[in-house]
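A short write-up of the structure that comes next.
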Amino acid sequence: MYSATAPAKVILFGEHAVVYGRPALAAPVAHLRARAIIEETGEADVKLIAPDLNRSADLSSANINNPLVATIRAVERSVGCALSEGYSLSVTSDIPIASGLGSGAAISVAIIRAFAQYLGRVDTMTNEVISQLAYEVEKLHHGTPSGIDNTVIAYERPVYFVRRQPANVIEPFTIARPLRLAIGDTGVRSATKDVVGDVRRRWEAAPDRFEAIFDACGRIASEGRAALAAGDMTAIGELMNENQSWLERMTVSSPPLERLIHAAREAGALGAKLSGAGRGGNMIALVTPELEEAVVAALMAAGAVRVFISDVG
Ligand code: PMV
């Protein structure tokens with residue numbers, strides 16, 4: 001049996017603007033994970049199993065858009081051999097889907113890591129290779145992903161990320177004092193591809209306005225990196241609030257997100273913003289152990305379907 005896991009992620013600063021070459025900061029959420037298990041079966045086909053969804057399928061007849069199939073095909077292209085028989089692939093995940101926590105990339109990374117073991121290639125399938133393969137799969141679902149999700153999830157470290165040609169800037173960054181985040185789920189599913197596509201249309205219609213918004217988000221990400229390195233919680237919280245106001249101008253916030261964000265701030269959170277693509281999904285609030293209980297209660301009262309507490313850094 002070959003088994004591997006990968007974490008969820010949050011974007012601390014710079015979502016969307018990162019698609020347009022501005023810096024962004026993301027961090028793994030270690031206790032929310034996707035898991036993949038490969039077992040040898042000796043059978044002629046491959047059994048794909050998603051126990052959470054109570055579903056299974058045979059690889060030979062599964063839809064090519066199935067993310068498990070897409071990931072297997074990406075691994076096949078990378079290693080140059082067919083992976084079409086003799087094993088089962090089972091995937092489970094704690095990460096809510098379509099909610100800004102990187103569920104898709106985490107599933108891909110967990111599967112690729114399980115294949116690295118199955119194929120005896122743990123040494124050559126480095127984090128960089130795994131991230132690149134997960135990016136190939138992300139492109140199928142996302143359209144124009146920046147690459148930040150697969151990067152932070154494959155490296156499982158906080159990363160400062162800038163999308164660049166020919167190579168992205170990927171720098172692990174220092175978090176001087178761990179951040180305690182309350183992650184509140186609106187329960188509204190939102191497809192990243194749709195939101196990213198809509199922002200693109202708006203940028204095309206009003207390029208100057210959107211470039212200025214992206215510049216502001218990029219500046220906030222750079223200042224956020226310095227505040228995180230200095231452990232300046234007040235500055236980090238204020239920058240989160242400022243980033244949220246630019247995300248609102250970008251039109252990617254939503255009434256349910258703002259209800260949670262305002263409730264967290266009123267309960268004393270040092271800062272709060274949406275995280276990920278927006279228009280639904282999750283928000284994050286910076287809390288302290290003393291504030292945590294009040295913020296969680298305020299988020300639940302404001303309509304959160306669940307709240308995770310996570311230490312980041
Ligand atoms: O919604 P998520 O978790 O897939 O985050 C997407 C982050 C964006 O910046 C909106 C898109 C991207 O590819 O970077």
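Computed from a predicted structure; not experimentally measured.
Using a 4.5 Å cut-off between side-chain heavy atoms of Ile, Leu, Val, Met, Phe, Trp and Tyr, with links allowed through other members, Ile38 and Val129 fall into the same hydrophobic cluster. A continuous path of hydrophobic side-chain contacts links Tyr87 to Leu119 [ILVMFWY only; heavy atoms under 4.5 Å]. Follow the hydrophobic side-chain contacts under 4.5 Å out from Ile112 and you never reach Ile37; the two are in separate clusters. In the hydrophobic clustering of this structure, Ile49 does not group with Val91; members are Ile, Leu, Val, Met, Phe, Trp, Tyr whose side-chain heavy atoms approach within less than 4.5 Å, directly or through other members.
Although no hydrogens or angles enter the test, the distance criterion places a donor-acceptor pair under 3.5 Å between the side chain of Asn66 and the main chain of Leu68. Side-chain N or O atoms of Asn63 include one that pairs as donor or acceptor with a backbone N or O of Asn65 at under 3.5 Å. A donor-acceptor pair under 3.5 Å is formed between the side chain of Arg189 and the backbone N or O of Ile97. Judged purely by atom type and a 3.5 angstrom limit, Ser78 has no side-chain atom pairing as donor or acceptor with the backbone of Ala74. Panel note: side chain Glu138, backbone Gly147; no donor-acceptor pair is recorded below 3.5 Å. For the pair Asn243 (side chain) and Phe13 (backbone), a donor-acceptor distance under 3.5 Å is absent.
Proximity of Pro145 to Lys139: side-chain heavy atoms (C-beta onward) are separated by under 4.5 Å at one or more points. Within the 4.5 Å cutoff, the side chain of Phe210 has no heavy atoms near those of the Tyr20 side chain. Using a 4.5 Å cut-off on side-chain heavy atoms (C-beta onward), Phe161 and Val152 make no contact. At a threshold of 4.5 Å between non-hydrogen side-chain atoms, the residues Ser190 and Val195 count as touching. Residues Val252 and Val199 meet the side-chain proximity criterion, which asks for heavy atoms closer than 4.5 Å. Residues Val10 and Leu101 meet the side-chain proximity criterion, which asks for heavy atoms closer than 4.5 Å. You'll find the side chain of Val46 stays beyond 4.5 Å of the side chain of Leu83, heavy atoms only. In this structure the side chain of Met240 never reaches within 4.5 angstrom of the side chain of Arg265, judged on heavy atoms.
The cationic group of Arg225 does not satisfy the cation-pi geometry with Phe173, failing either the under 6.0 Å distance to the six-membered ring centre or the 45° limit from the ring axis.
Between Leu25 and Ala221 the shortest heavy-atom distance is CD1-O, 3.7 Å. Here the closest non-hydrogen pair linking Thr144 and Arg163 is O-NH1, 4.2 Å. Residues Arg35 and Thr5 approach most closely at CG-CG2, 3.4 Å, considering heavy atoms. Across all their heavy atoms, Gly231 and Ala176 have their closest contact at N-CB, 3.6 Å. Here the closest non-hydrogen pair linking Val162 and Tyr160 is CG2-CE2, 3.7 Å. Considering all non-hydrogen atoms of both residues, Ser310 and Ile183 come closest at CB-CD1, 4.0 Å.
With no hydrogens or angles considered, a side-chain donor-acceptor pair links Glu136 and Gln132 at under 3.5 Å.
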query = Would Glu156 and Val109 satisfy side-chain contact (heavy atoms from CB on, under 4.5 Å), going step by step from the backbone distance to the final call?
reply = CA-CA 11 Å; Glu156 199 164 348; Val109 168; over 6 Å; no
message = Using the rule given for side-chain contact (heavy atoms from CB on, under 4.5 Å), can you reason through Tyr135 versus Thr151, listing the C-alpha separation, both sets of side-chain angles and the distance that settles it, and then say yes or no?
response = CA-CA 8 Å; Tyr135 182 68; Thr151 301; over 6 Å; no
request  = Show the numbers, then the answer: is there a salt bridge (Lys or Arg N to Asp or Glu O under 4.0 Å) between Arg22 and Glu211?
outcome  = CA-CA 10 Å; Arg22 280 25 170 231; Glu211 285 293 319; 2.5 Å; yes
query = Going through the distances and angles, do Gln244 and Glu258 end up as a side-chain contact (heavy atoms from CB on, under 4.5 Å)?
reply = CA-CA 9 Å; Gln244 171 62 23; Glu258 283 165 36; 4.1 Å; yes
message = Could you go through Val159 and Glu171, starting from their C-alpha distance and side-chain angles, then the distance that decides it, and tell me whether this counts as side-chain contact (heavy atoms from CB on, under 4.5 Å)?
response = CA-CA 5 Å; Val159 290; Glu171 294 173 2; over 6 Å; no
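Heavy-atom neighbours of Glu128 CD from other residues, nucleotides or ligands within 6.0 Å: at or below the threshold of 12.
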Just distance, no hydrogens or angles: give the donor-acceptor pairs under 3.5 Å from side chains in residues 267-286, sequence neighbours left out.
| from | atom 1 | to | atom 2 | distance (Å) |
| --- | --- | --- | --- | --- |
| Lys273 | NZ | Ile11 | O | 3.1 |
| Lys273 | NZ | Leu12 | O | 3.3 |
| Lys273 | NZ | Glu15 | OE1 | 2.9 |
| Lys273 | NZ | Glu15 | OE2 | 3.0 |
| Ser275 | OG | Ile11 | N | 2.9 |
| Ser275 | OG | Ile11 | O | 3.0 |
| Arg279 | NE | Thr251 | O | 2.8 |
| Arg279 | NH1 | Asp198 | OD2 | 3.1 |
| Arg279 | NH2 | Asp198 | OD2 | 2.7 |
| Arg279 | NH2 | Thr251 | O | 3.0 |
| Arg279 | NH2 | Thr251 | OG1 | 2.8 |
| Asn282 | OD1 | Asp185 | N | 3.3 |
| Asn282 | ND2 | Ser99 | O | 2.9 |
| Asn282 | ND2 | Ser99 | OG | 3.4 |

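The distance from atom CZ of Arg209 to atom CH2 of Trp203, rounded to the nearest 0.5 Å, is 15.5 Å. Between atom CD1 of residue Ile236 and atom CZ of residue Arg177 there is a gap of 8.0 Å, rounded to the nearest 0.5 Å. One distance of note links CD1 of Ile130 with OG of Ser108; it measures 11.5 Å at 0.5 Å rounding.
One finds a salt bridge joining Arg73 and Glu76 here, because a Lys/Arg side-chain nitrogen approaches an Asp/Glu carboxylate oxygen to under 4.0 Å.
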